[in-house]
Amino acid sequence: MGIIDYFMTLDVEFKATYQLAQNLLVALQHKNISAYQTLILGENKLISPQMKRSLRTLKKYLPEIRLQKFR
């Protein structure tokens with residue numbers, strides 16, 4: 001893998017991670033539980049390892065989040 005390939009991969013990962021984070025933010029702001037749940041439970045192969053870890057945590061606590069945030 002060359003240096004250009006490495007940065008192209010980082011660019012794709014950054015874009016996917018950023019877009020997911022923004023979509024989660026909008027779903028929370030609009031209290032849209034179905035959009036939020038779809039984003040959390042959807043398949044996100046291109047996102048960063050840190051965001052994948054965050055999604056695992058959000059999935060784990062999804063029932064509690066639904067009860068508290070989306071009233």
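What you are looking at is a predicted structure, and each value in this text was computed from that prediction instead of being measured. Counting from 1, the numbers follow the sequence of the chain as shown.
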Hey, can you pull the donor-acceptor pairs under 3.5 Å for the side chains in residues 40-51, sequence neighbours left out?
from: Glu43; atom 1: OE2; to: Lys45; atom 2: NZ; distance (Å): 3.1
from: Asn44; atom 1: ND2; to: Gly42; atom 2: O; distance (Å): 3.1
from: Ser48; atom 1: OG; to: Met51; atom 2: N; distance (Å): 3.2

Indicate, with yes or no, if Leu39 and Tyr18 share a hydrophobic cluster defined by side-chain heavy-atom contacts under 4.5 Å among Ile, Leu, Val, Met, Phe, Trp and Tyr. no

From CA spacing to verdict: side chain to side chain contact (heavy atoms under 4.5 Å, CB included), Leu20, Leu55: CA-CA 10 Å; Leu20 177 60; Leu55 287 179; 3.7 Å; yes

Check the pair Arg53 / Arg56 against side chain to side chain contact (heavy atoms under 4.5 Å, CB included), numbers first and verdict last. CA-CA 5 Å; Arg53 186 178 326 114; Arg56 282 194 302 270; 3.6 Å; yes

Residue pairs meeting salt bridge (charged side-chain N to carboxylate O under 4.0 Å, His left out), one or both in residues 18-27, sequence neighbours left out, come to none

Under the rule for side-chain hydrogen bond (donor to acceptor under 3.5 Å, both in side chains), what residues qualify as partners of Glu13, not counting sequence neighbours? none

Only counting residues at least two apart or in another chain, list the ones meeting side-chain hydrogen bond (donor to acceptor under 3.5 Å, both in side chains) with Ser34. Asn32

Between Asn23 and Tyr36, does the side chain to side chain contact (heavy atoms under 4.5 Å, CB included) criterion hold? Intermediate values first, please. CA-CA 8 Å; Asn23 290 340; Tyr36 177 81; over 6 Å; no

Calculate, to the nearest 0.5 Å, the distance between atoms CD1 and CD belonging to Ile65 and Gln37 respectively. 10.5 Å

Enumerate the salt bridge (charged side-chain N to carboxylate O under 4.0 Å, His left out) contacts for residues 15-29, please, sequence neighbours excluded, ordered by first and then second residue. none

Linking I/L/V/M/F/W/Y whenever their side-chain heavy atoms sit closer than 4.5 Å, directly or via other members, would Leu28 and Tyr61 fall into one cluster? yes

Could you walk me through whether Leu25 and Gln22 pass the side chain to side chain contact (heavy atoms under 4.5 Å, CB included) test, one step at a time? CA-CA 5 Å; Leu25 181 63; Gln22 292 303 306; 4.2 Å; yes

